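All figures in this text were calculated on a predicted structure; none of them were measured in a lab.
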Amino acid sequence: MNTTGKLLSYWQWLLLVVCLLASVLLTENLVRQDVAYARGQQLEQQVANAGHLRSFLETELNRALYLTFGLSAYVQANRGQVSADEFNLLLPELVDLGQYIRNIGVAPDNRLTYVYPIAGNEAAIGLYYPDLPEQWPAVEAIINSGEASLVGPVTLLQGGTGFIHRLPVFIEDRYWGIISIVVDPTELWQELQRLKDRYGIEAALRSRLPDGGYSNSFVGSNTLFYDDSLRLDLSIRGAEWQLAIRSLDPLKGRTREIRLVGYSVTLLLLALISWLTFSRHQLQQSGRELRLQQQYLSTVMDNVADAIVTTDANGRIERINQAAATIFGLDMQQLEGVHWSSLLDDPTEESHLITTTSTPEKVAKTRGRNRFDQAFPLEISRSEVEFNQLKKNVILLRDMTERYKVDRLKNEFVSTVSHELRTPLTAINGSIGLVLGGVLGSVSPQVQQLLQTAYDNCSQLTLLINDLLDMEKLEAGKLHFQLQPVRLAELIEHSLQQNSALALQSQLKLSFETNDHQLMARVDPLRLQQVLTNLLSNAIKFAPPHSQVEVRLLQQQGQARIEVRDQGPGIPEHFRPMLFQKFAQADSSDKKIQQGSGLGLAIARSLTEVMGGTLAYQPLSPHGSCFYLELPLIAAVSSH
C-alpha cells in the first residue's frame with residue numbers, strides 16, 4: 001500500500017512539472033500571437049487614418065490650385081486681352097471658391113498688376129519678379145519648364161507665411177505672364193490638427209526637393225520620418241509632399257490578461273493535483289458518511305405521515321416514502337419511472353396542479369386513486385429544488401379522507417344545532433320582547449334590567465345562528481341572489497343611515513366621499529347591504545371615540561372600489577393571512593374587548609365573490625384599517 005502511494009505521488013509530481021512547462025510555453029506563445037495581432041490591427045488603423053489625412057490635404061489644396069488653371073484658361077481664351085474690370089470681377093469670385101486662399105495675383109510680363117484682396121496685400125502690388133533675387137530663380141524655372149509649381153512655406157513680402165502656386169501662361173507659345181495663388185495654411189493646419197486629435201495620431205509633412213531629397217518637416221516633428229512611422233506620398237499639383245503618421249494610442253494587446261489567465265490556470269492545476277492527493281483519502285470517509293445520511297433521510301421520510309414523492313424535471317417518480325406506499329398501496333418497484341400524475345384520479349389535471357402549486361405555500365385540492373381503484377380526496381403542495389444542477393420536484397400528498405369526515409361531521413353538527421336552536425330562540429326572544437313591551441303589565445326596574453339583558457343576549461345569539469346558516473347556505477350554494485343594476489352611491493348612503501345610531505352611540509362620525517355618484521354595478525342590493533353593514537359595524541367597534549369612519553367610492557381600472565376606513569389599532573400582521581377564514585379572530589380569549597363569532601368577514605367575502613367582486617384588506621399609516629371591495633362596473637356616467 002505504501003509503495004503504491006509513493007509511486008502515485010511520483011507520477012503526480014512528474015505530471016505537475018510537465019503541466020507547468022506546457023502552460024508556460026502555451027501562455028508565451030499566445031502572448032506573441034496577441035502582440036502580433038494587435039500590431040496588425042494598429043497598422044490597419046494607421047493606414048485608414050493616413051488615407052483620411054491624405055485625402056483631406058489633396059482635396060483642399062488641389063481645390064484651390066485648380067482655380068489657377070481655370071483663370072489661365074480664361075486668359076488664354078481671350079488671347080491675353082483681359083481688362084482690369086474683368087480681373088476685378090473674376091478674382092473675388094475665385095477667392096470665394098477657395099476655402100484657404102489668401103490672395104490671387106496676376107502678373108503680366110512678370111509684374112504683379114492685379115491682386116485680390118488688396119487689403120493686407122498692398123506691398124505685393126506692382127512687384128516685378130526679376131527684381132526679387134530670392135524668388136526670381138524659382139519663377140524663372142517654372143517659366144522655362146512651362147509647368148505649374150507649388151512652393152512653400154515661404155515668407156511673404158506682405159507679411160506672414162504661405163504656399164505659393166505659380167502657373168506660367170503662354171499664348172500661342174509666347175510667354176504672357178504668371179498667375180499665382182497664395183494659400184494661407186493657418187486654418188488648414190488647424191483643421192489638420194483637429195483630425196489628428198480625433199484619430200489619436202501624430203503626423204508630419206515635408207516636401208521633396210528637386211535633387212530628390214526631402215526638406216525638413218514644415219508640420220509636425222521631423223523625427224517621424226526616421227522611425228517606424230507610416231509614410232505616404234501626397235499627390236498635389238505642382239509639388240511632391242510626404243506624410244508620416246504614428247498612432248498615439250498604446251498597443252491594445254491583452255498580454256497581461258493572457259499571462260494572468262495562463263499562470264492562474266497553472267496554479268489551479270497545482271492546487272488541483274494537491275487536492276486530488278488529499279481528497280483521495282477523504283473520498284472513502286465521505287462515502288461512509290453519505291450512506292449514513294441516506295439512511296437518516298430515509299428514516300425521517302418514512303416517519304412522515306404525509307406522502308412524499310420526488311420526481312425528475314419531467315415528472316418521473318424517483319423516490320417515495322413509506323406513507324406514499326401505504327396511502328396508494330404501491331411500492332417503489334411499481335412506481336419507479338412512472339409519471340406522478342398516475343397517482344391522480346384524473347391524470348389530465350396534472351398541468352393545472354403544477355400551475356396552482358407554483359410555490360410551496362400554495363395548496364391544491366384534487367382526488368387520488370389507490371391500487372384498489374378507489375378515489376379519495378388529496379391536498380397537494382409542491383417544491384422545486386436543484387440537485388447536482390438538475391431540477392427536481394418534491395410533491396407532498398396529504399390524504400384528506402379523515403379530515404373531510406371530521407369537517408362533514410362538524411358542519412352537520414353546526415347545521416343541526418343552528419336549526420334546532422333557531423325556533424326556540426325566536427320564541428324566547430319574542431316572549432321577552434312582549435314582556436318588555438308591557439303586555440303583561442309593568443315590572444320592577446330590577447326585573448326590567450334582567451329582561452333587557454336576556455333580550456340583548458338572545459338577539460346576539462340569533463345573529464350568530466343567522467351567520468352560521470348563511471355560511472352553510474353559501475358553502476352549499478343554496479343562498480339565493482337577485483342580481484340587478486344598482487347605483488352604488490345611493491346604497492352606501494342608505495347603509496350609513498342604518499348604522500348612524502350605532503356610530504352615534506360610540507361617539508363616532510360617519511362620512512362618505514365620492515367623485516362620481518353615477519357608478520353602477522350588477523349586484524344583489526340586500527347582500528351588498530349586508531357586506532357594507534358588516535364592514536361598517538366592524539369599523540365602529542374598533543375605532544376610537546371621537547374619531548371618524550370614512551367610506552369612499554371611486555372608479556379604478558374599470559371597477560368600482562368601495563373603501564371603509566377607520567382609525568383603530570389595525571389588524572396585527574401575523575393575523576392578516578387568516579383574516580377572512582371562518583371563526584378567525586385576532587383575540588380569541590374569553591376576555592376579549594369586542595365580542596363576535598368570527599364569521600362576518602368570511603361571509604362578507606363569500607357574498608362579494610358570488611356577486612363577481614373581491615374583498616380585501618390593507619393597513620393604513622401610521623395606524624388604522626381599510627377594507628375595500630371591488631365590483632365590475634356596468635355603467636360609469638360622469639356626474640360633471
Side-chain angles (χ1 to χ4, degrees), residues 359-362 488-489 491-493 495-500 502-517 519 521 523 528-589 591-609 611-633 636 639:
T359 60
E361 296 80 13
K362 294 184 178 180
L488 297 175
L491 190 142
I492 294 172
E493 290 172 349
S495 296
L496 292 175
Q497 291 176 359
Q498 287 186 333
N499 289 273
S500 59
L502 180 62
L504 184 62
Q505 181 182 354
S506 300
Q507 300 179 359
L508 296 172
K509 180 181 178 182
L510 299 180
S511 67
F512 176 46
E513 176 185 341
T514 182
N515 292 327
D516 198 336
H517 288 268
L519 296 178
V523 297
L528 184 56
Q529 189 87 30
Q530 183 179 351
V531 173
L532 292 175
T533 298
N534 178 270
L535 298 181
L536 286 170
S537 62
N538 283 343
I540 292 171
K541 285 180 185 178
F542 294 99
H546 309 293
S547 65
Q548 181 173 276
V549 174
E550 300 175 278
V551 180
R552 297 181 182 180
L553 171 63
L554 59 150
Q555 181 177 350
Q556 190 175 76
Q557 297 179 350
Q559 289 189 318
R561 179 182 173 109
I562 303 174
E563 297 181 351
V564 179
R565 296 168 168 253
D566 66 69
Q567 301 171 18
I571 307 299
E573 186 174 356
H574 72 275
F575 182 71
R576 292 171 193 169
M578 302 176 289
L579 185 58
F580 294 96
Q581 295 179 8
K582 292 187 297 183
F583 305 106
Q585 293 177 308
D587 182 6
S588 59
S589 66
K591 298 180 180 180
K592 61 186 179 181
I593 299 175
Q594 301 294 345
Q595 300 295 324
S597 64
L599 288 173
L601 288 176
I603 293 174
R605 170 173 274 190
S606 298
L607 292 174
T608 305
E609 291 175 350
M611 292 184 288
T614 57
L615 176 62
Y617 166 82
Q618 69 180 32
L620 298 180
S621 179
H623 57 80
S625 297
C626 173
F627 286 88
Y628 64 92
L629 58 97
E630 294 178 339
L631 297 166
L633 286 173
S639 61

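- Rounding to the nearest 0.5 Å gives a distance of 14.0 Å between CZ of Arg552 and CD1 of Ile562.
- Using a 4.5 Å heavy-atom cutoff, the side chains of Leu491 and Ser495 are in contact.
- Applying the side chain to side chain donor-acceptor pair (under 3.5 Å) rule to Gln567 yields no partners; only residues at least two apart in sequence or on another chain are considered.
- Shortest non-hydrogen contact noted between Tyr617 and Gly624 is OH-O, 4.0 Å.
- Residue pairs satisfying the salt bridge (Lys or Arg N to Asp or Glu O under 4.0 Å) criterion with at least one member in residues 614-626, sequence neighbours excluded, are absent.
- Once rounded to the nearest 0.5 Å, the distance linking CG of Leu502 with CG of Leu508 reads 8.0 Å.
- Between Asn499 and Val549, every side-chain heavy-atom pair lies at or beyond the 4.5 Å cut-off.
- In this structure, Thr533 contributes its side chain and Gln530 its backbone to no donor-acceptor pair below 3.5 Å.
- Counting only residues at least two apart or in different chains, salt bridge (Lys or Arg N to Asp or Glu O under 4.0 Å) contacts with residues 565-574 comprise Glu563-Arg565.
- Atom OG of Ser625 sits about 4.5 Å away from atom CD1 of Ile571, to the nearest 0.5 Å.
- If you take CD on Gln559 and CG on Leu629, they are separated by 10.5 Å, rounding to the nearest 0.5 Å.
- Residue Leu488 holds its CG atom at 6.0 Å from CG of Leu553, rounded to the nearest 0.5 Å.
- Atom CG of residue Leu528 and atom CD1 of residue Ile492 lie 7.5 Å apart, to the nearest 0.5 angstrom.
- At least one side-chain heavy atom of Leu601 sits less than 4.5 Å from a side-chain heavy atom of Leu535.
- Closest of all the heavy-atom pairs between Leu510 and Leu496 is CD1-O, 3.7 Å.
- Counting non-hydrogen atoms of other residues, nucleotides and ligands closer than 6.0 Å to CD of Gln556 gives a total above 12.
- Here the closest non-hydrogen pair linking Pro632 and Ala521 is O-CB, 3.5 Å.
- Phe512 meets the ring pair (Phe, Tyr, Trp, His ring centres under 6.0 Å) test with no other residue; sequence neighbours excluded.
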Check against side-chain contact (heavy atoms from CB on, under 4.5 Å), Leu607 and Leu615: CA-CA 9 Å; Leu607 292 174; Leu615 176 62; over 6 Å; no

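- Residues His623 and Gly568 approach most closely at ND1-O, 3.5 Å, considering heavy atoms.
- Taking each heavy atom of Ala539 and Val564 in turn, the nearest pair found is CB-CG1, 4.1 Å.
- Using a distance-only test at 3.5 Å, with no hydrogens or angles considered, no donor-acceptor pair links the side chain of Arg561 to the main chain of Leu554.
- Residues forming a side chain to side chain donor-acceptor pair (under 3.5 Å) with Gln498 (at least two apart in sequence, or on another chain): His494, Gln529.
- Under the rule for a side chain to side chain donor-acceptor pair (under 3.5 Å), the partners of Asn534 that lie at least two apart in sequence or sit in another chain are Asn538.
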